[in-house]
Amino acid sequence: MENLKYAFFVGCTPKQSTPELMQSTLAIAQAFNIELVELVEATCCGASHMQDYDDFLSLVLNARNICYAEKRGLTIVTVCNTCQLNLATAKHRLDNDEKLRDRVNAKLKEVGLEYRGTSEIKHFLYALIDDFGIDAIASKVKNPLKDLYIAPFYGCHNIRPHEVHGSSNGNEDPYRPTSLDRLIVALGGHSVEYGHKNKCCGFHVELQAPKTANRISGSAMLDAIDNNADTMVTPCPLCHLRLDVQQKNISKEMGEDISIPILHMPQMVGLALGISPEKLGIKHNIAKIDFIK
Amino acid sequence: MKKYDTKKVNFKVFRYNKEIDRLPYYESYSFSVAQDEVILDILNKIKWEKDGSFSYRRSCRHGICGSCAIKVNNKPVLSCKERVFDLIDIFGYELVLEPQDIKQAIKDMVVDKERFWNKYSNVKPYLVGEIEAHPKLEYIISAQESDKLDEADYCIQCGNCFYACPSVQVNGDYIGPAAFVKAFRFNMDVRDNAKKERLDIVNQEGSGVWDCVKCYECAEACPKELSPIDKITKLHNQIFENNMAKDNVATRHAVGFKDSIKKHGFLDEGELVRYSEGNVGVLKHVPEAIHMFKNGKLIMPWQMPKSEKLDEIDKLIKISSTVKFK
């Protein structure tokens, strides 16, 4: 198989609050011989907040982000569900509305760019599963996660709204997503079936409505724990920031102690590949990953 | 004659009579389902063939009255529109039929929608204008003017978005997506004069649009494909465009991105929290900040990453900005 190569849209958290996501992403990309070319010109995607303030500006900036992948002739890979949705939404709108594309391109022209719609946008999870292939992943497993009961937490922005994601997430059904479950099984683990796997973590109102955010993530975590999960895994750093960093605040709001290790998707893959915890940035996780010897 | 394809399906059905039962229970019914049958056909079969006391709402049976909304395997559906075969494709041969909100169930599929209607009536869901009692001519609205409603007038008040919304589930004050769609619908009506009053209502902290968690459950739940969250975004936009945005944590949270992108290209996470919360409010985040710092999850201002071509980014922001925040 020819080596896979993508334009890597890093986003903001891997260089700040989730260095472990950056480390584990690069580590498993290297293990799979996947080349990630960083989009060094890219800006923040607006994180689904900037469009509330200035929708057009947010669209122009994301169109610009995509332009730099088009220039390189590469598909974009994201490692954050919200980056994925914001870029994919910009693409969806621009590809389906000629007038809007002309308005955006009029601005981009002033900095010598043009949006053409030639690059696809994919979350790393789906690049692994659909492009690299689940069997190819399984064949590289050195340490099967055989004693682990892992609760997949998909995160909203990778699965909803389904018409924006289309084939880029393998046409995942938002009411019964399967990709993370299949990945867990391919790595030798047990995937935990629970009602909240496709629910919200509450991250986006963490500042203005912490009570709401804590109750929403608390319900999801209790559901995973009640179904005997040893750990939860998520492809989204924003879900991770909520579920991992906020466990104390969540416990306080829910009135009971809620503690459970939370893995980033690439950390889980890396552990099964036999990559060292150091290289996967495990020391940065706040809830202790207690199952690593 | 072509033979119809049929499949045998087990339906696990939520049963509860608030007046008699202490607790709800589930009853199983098996049917051979034909390829063109919808969930409403199954509800009818249960009532007509198995148990005459089984209760559910239905009326128009063609997707316009909004009465027959329920959940199947937690997916909000309009019973009369949802083909059983499509659900089998997603969930397999056991389908769980439940009311929109089991906590509000009165009898079987029937829920008490009082809370939904209360939120709805909060947003002035009617035309406020000077309408002549005995007009001599029609009030003509142009195609361009009606396009601005963005199909929000197609809402059938089924409640699917409201009962799917996680913010509604944990916050009794939250107005919720259905009422926001209605507020948007009348705000975009050229005959209406209560735009600012409605914006005042949806601009409230704790109950208004700022508490939307951006999960897109409403967009998936809507049988009319109205994408309520897009209307919520447009209400946010109207609040800023009309200079009605208050200077608070929620508004600064949206505005802060622009300044940060201008300066770094990336979002400065620490600065966004400080700017949104203010110098005093930010103190409540100190405990988690210490935790994050100890685990190497907090960078110092001088370590802030920067995008290449900041001049280009700055220029693009200057020429593409459409709104100002005081």
Side-chain angles (χ1 to χ4, degrees), chain A residues 11-13 15-19 40-44 46-58 60-61 64 82 85 104 107-108 110-112 156-157 160-162 173-176 195 199-200 202-205 207-209 211-213 215-216 219 245-246 248-249 283-286, chain B residues 73-75 90-91 166-167 170-171 174 205-206 210-217 219-220 227 233 236-237 240 248-251 253-255 257-258 260-261 265-267 269-270 273 276-277 287-288 291-292 295-299 305 307-309 312-313 315-317 319-323 325:
Chain A
C12 302
T13 69
K15 292 194 173 184
Q16 297 176 67
S17 53
T18 60
V40 288
E41 307 89 349
T43 66
C44 167
S48 84
H49 293 287
M50 196 160 122
Q51 79 249 32
D52 290 343
Y53 172 47
D54 193 334
D55 182 58
F56 183 69
L57 175 62
S58 157
V60 170
L61 288 172
R64 175 184 172 278
T82 299
L85 179 63
V104 167
K107 300 296 176 193
L108 290 173
E110 297 201 30
V111 295
C156 302
H157 292 172
R160 287 184 290 268
H162 72 275
D173 190 285
Y175 294 102
R176 195 174 166 271
K199 297 292 171 203
C200 180
F203 177 85
H204 291 281
V205 296
L207 291 182
Q208 62 263 41
K211 215 180 168 80
T212 294
R215 283 186 187 178
I216 288 176
S219 316
V245 177
Q246 299 293 334
K248 273 199 180 142
N249 290 332
K283 67 168 186 195
H284 296 294
N285 291 48
I286 288 189
Chain B
N73 294 46
N74 234 352
K75 175 181 161 74
I90 307 173
F91 301 114
S167 207
V170 300
N171 173 5
Y174 186 55
E205 286 167 272
W210 305 102
D211 279 44
C212 165
V213 291
K214 307 193 181 269
C215 65
Y216 287 81
E217 290 276 9
E220 290 296 341
S227 194
T233 300
H236 279 111
N237 294 153
F240 280 111
N248 61 30
V249 55
T251 54
H253 188 195
V255 174
F257 280 84
K258 181 174 164 180
S260 200
I261 292 173
F266 291 98
L267 173 73
E269 297 173 335
V273 175
S276 304
E277 296 280 16
E288 71 224 34
H291 234 66
M292 289 176 79
N295 283 47
K297 284 174 154 298
L298 210 62
I299 61 165
S307 306
E308 286 186 10
K309 297 185 191 276
E312 178 183 301
I313 294 164
K315 181 174 174 190
L316 211 47
I317 291 176
I319 60 175
S320 310
S321 292
T322 62
V323 211
F325 181 59

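Letters go in sequence order (proteins before strands), and every chain restarts at 1. Below, all heavy atoms of this structure are taken into account, side chains as well, without hydrogens, waters or symmetry copies.
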Run Lys248(A) and Glu288(B) through side chain to side chain contact (heavy atoms under 4.5 Å, CB included) and show every step you take. CA-CA 9 Å; Lys248(A) 273 199 180 142; Glu288(B) 71 224 34; over 6 Å; no
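- With rounding to the nearest 0.5 angstrom, the NZ atom of Lys107(A) is 5.5 Å from the CD1 atom of Ile319(B).
- Contact between Val213(B) and Gly202(A) at its shortest, heavy atoms only, is CG1-CA, 4.5 Å.
- Among residues two or more places apart in sequence or in another chain, the side chain to side chain contact (heavy atoms under 4.5 Å, CB included) test is passed with Lys211(A) by Arg215(A), Glu253(A).
- The minimum heavy-atom distance between His253(B) and His204(A), with the atom names listed, is CE1-O, 3.9 Å.
- For Val40(A), the parts lying near chain B are the backbone and the side chain together; criterion is any non-hydrogen pair under 4.5 Å.
- Heavy-atom distances place no part of Ser219(A) under 4.5 Å from chain B, backbone and side chain included.
- Residues Tyr53(A) and Val323(B) come closest through the heavy atom pair O-CG2, 3.1 Å.
- Looking at Asp54(A), both its backbone and its side chain come within 4.5 Å of chain B, counting heavy atoms on both sides.
- Looking at every heavy atom in both residues, Ala250(B) comes nearest to Gln208(A) through CB-CB, 3.7 Å.
- What you find for Ser307(B) and Ala42(A) is that their closest heavy atoms are OG-O, 2.7 Å.
- Of the two parts of Pro161(A), the backbone and the side chain both hold a non-hydrogen atom closer than 4.5 Å to a non-hydrogen atom of chain B.
- We find the CD1-NZ distance between Ile286(A) and Lys297(B) to be 6.0 Å, quoted to the nearest 0.5 Å.
- Among Pro287(B), Gly296(B), Ala219(B), Gly206(B), the residue making the largest number of heavy-atom pairs under 4.5 Å with chain A is Gly296(B).
- Atoms OG1 and CD, on Thr18(A) and Glu269(B) in that order, are 7.0 Å from each other to the nearest 0.5 Å.
- Between chain B and the options Cys12(A), Ala213(A), Cys156(A), the largest number of non-hydrogen pairs under 4.5 Å is found for Cys12(A).
- Residue Tyr174(B) does not touch chain A at all, counting heavy-atom pairs closer than 4.5 Å.
- With a threshold of 4.5 angstrom between heavy atoms, Tyr216(B) approaches chain A through its backbone and through its side chain.
- Ring geometry for His49(A) against Phe257(B) counts as parallel: the plane angle stays under 30°, on a 0 to 90° scale with 60° as the upper cut.
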Which is it for Ser17(A) and Met292(B) under the side chain to side chain contact (heavy atoms under 4.5 Å, CB included) test, yes or no, and what are the steps along the way? CA-CA 8 Å; Ser17(A) 53; Met292(B) 289 176 79; 3.7 Å; yes
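- Heavy-atom distances place the backbone of Asn285(A), and not its side chain, under 4.5 Å from chain B.
- Among the candidates Lys283(A), Lys199(A), His284(A), Glu110(A), the residue making the largest number of heavy-atom pairs closer than 4.5 Å to chain B is His284(A).
- Once rounded to the nearest 0.5 Å, the distance linking NZ of Lys309(B) with OG1 of Thr43(A) reads 13.5 Å.
- Both the backbone and the side chain of His162(A) come within less than 4.5 Å of a heavy atom of chain B.
- Proximity to chain A (any heavy atom under 4.5 Å) is restricted, for Glu277(B), to the side chain, taken from C-beta onward.
- Looking at heavy atoms from C-beta onward, Met50(A) lies out of side-chain contact with Leu267(B) at the 4.5 angstrom threshold.
- To the nearest 0.5 Å, the span separating NZ on Lys214(B) from CZ on Arg160(A) amounts to 14.5 Å.
- No side-chain heavy atom of Leu57(A) sits under 4.5 Å from any side-chain heavy atom of Leu316(B).
- With a threshold of 4.5 angstrom between heavy atoms, Pro166(B) approaches chain A through its backbone and through its side chain.
- Looking only at heavy-atom pairs under 4.5 Å with chain A, the residue among Val170(B), Val249(B), Thr233(B) that has the most is Val170(B).
- Ranked by non-hydrogen atom pairs under 4.5 Å with chain A, the options Glu205(B), Glu217(B), His291(B) are led by Glu217(B).
- Ranked by heavy-atom pairs under 4.5 Å with chain B, the first of Arg176(A), Gln246(A), Gln16(A), His157(A) is Gln16(A).
- Of all heavy-atom pairs spanning Gly11(A) and Phe266(B), the tightest one is O-CE2, 3.5 Å.
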Report the C-alpha separation of His236(B) and Gln51(A) in whole Å, then their side-chain angles, then the decisive distance to 0.1 Å, and conclude whether the side chain to side chain contact (heavy atoms under 4.5 Å, CB included) test is met. CA-CA 9 Å; His236(B) 279 111; Gln51(A) 79 249 32; over 6 Å; no
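- Only the side chain of Ser276(B) has a heavy atom closer than 4.5 Å to any heavy atom of chain A.
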Check against side chain to side chain contact (heavy atoms under 4.5 Å, CB included), Asp52(A) and Thr251(B): CA-CA 9 Å; Asp52(A) 290 343; Thr251(B) 54; over 6 Å; no
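- Of the two parts of Ile90(B), the backbone and the side chain both hold a non-hydrogen atom closer than 4.5 Å to a non-hydrogen atom of chain A.
- Atom CD1 of Ile216(A) is separated from atom CG of Asn171(B) by 9.0 Å, given to the nearest 0.5 angstrom.
- Every side chain to side chain donor-acceptor pair (under 3.5 Å) that Glu41(A) has, sequence neighbours left out, goes to Arg72(A).
- Counting heavy atoms from C-beta outward, Asp55(A) and Thr322(B) have side chains that stay 4.5 Å or more apart.
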